[in-house]
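See below for the structure under consideration.
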Amino acid sequence: MAEIEKYKVIRWILYIAMMINSYMLHQNISNNLRFTIAKKVWCPAFGANMRCDEAIIFSIVGMFSGLGLFLLGVFETDEKTKKLKFFHDNEPSLCLIQVPLWIGLFFEILSWTKEEETAAFEINCIYVCIALNIILLIGSAIVSYIEKEVKNSREN
């Protein structure tokens, strides 16, 4: 039982790290790449304001995704959440589904910054945040899968 709890805590730590990392991505884009001048918002790093908004929305989705997966893990043993068995059983898949989306965002931001010839420390921080979210999602999926296999072996 202690081994299962160890995997659960590792999973929670990874989800919390994903939420914090997504928040840092949001703050980096909002505070360092968007400027308000004369009641108009500018995003020169990505070339268009809509691109900044898209990256910000994606970071917000990352925060809520991490929160949802964290809460799913916390309430896993609650009797009232037995209706969420589908999500508990497919937690590795829920993590891995997001990986191509984050990879797509990474390459999209890379193309925007190449197009605008933007090179700044903040852009590199964005790349690191996105790469870290990808690693955290893959790690969460692996830990969740291992935990599920340990549970199944203990039941048999």
Subject >> Pairs flagged by side-chain hydrogen bond (donor to acceptor under 3.5 Å, both in side chains) wherever residues 135-144 is involved - sequence neighbours left out >> reply: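 For residues 135-144, and leaving out neighbouring residues, there are no side-chain hydrogen bond (donor to acceptor under 3.5 Å, both in side chains) pairs at all.
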
Original post:
So how far is it from Trp102 CH2 to Cys129 SG, rounded to the nearest 0.5 Å?
Top reply: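 Taking CH2 in Trp102 and SG in Cys129, the distance rounds to 8.5 Å.
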
Original post:
Could you state the interatomic distance from CG (Leu96) to CG (Asn90), rounded to the nearest 0.5 Å?
Top reply: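 Rounded to the nearest 0.5 Å, the CG-CG separation comes to 11.0 Å.
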
With [X] via side chain to side chain donor-acceptor pair (under 3.5 Å) - residues at least two apart:
| X | answer |
| --- | --- |
| Asp53 | Arg34 |
| Tyr127 | Thr113 |
| Asn49 | none |

**OP:** Examine distances only and state if a side-chain atom of Ser111 and a backbone atom of Glu108 form a donor-acceptor pair shorter than 3.5 Å.
**Re:**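 Yes; judged by distance alone, with no hydrogens or angles, the pair exists.
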
**OP:** Count the heavy atoms of every other residue, nucleotide or ligand shown that sit under 6.0 Å from OH of Tyr145, and state whether that count exceeds 12.
**Re:**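 Count not over threshold, so no.
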
A side-chain contact here means heavy atoms from C-beta on lying under 4.5 Å apart; do [X] and [Y] qualify?
| X | Y | value |
| --- | --- | --- |
| Lys151 | Lys148 | no |
| Asn133 | Leu136 | yes |
| Trp112 | Cys52 | no |

Subject >> Contact summary for Ala55 and Ile29, nearest pair of heavy atoms >> reply: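 Where Ala55 meets Ile29 most closely, the heavy atoms are CB-CD1, 3.5 Å.
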
Original post:
Who passes salt bridge (Lys or Arg N to Asp or Glu O under 4.0 Å) against Glu54, sequence neighbours left out?
Top reply: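 Applying salt bridge (Lys or Arg N to Asp or Glu O under 4.0 Å) to Glu54 gives none.
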
Let me check something: any side-chain donor-acceptor pairs from residues 58-73 under 3.5 Å, sequence neighbours excluded? List them with distances.
from: Ser59; atom 1: OG; to: Ile56; atom 2: O; distance (Å): 2.6
from: Ser65; atom 1: OG; to: Gln98; atom 2: OE1; distance (Å): 2.7
from: Ser65; atom 1: OG; to: Gln98; atom 2: NE2; distance (Å): 2.8

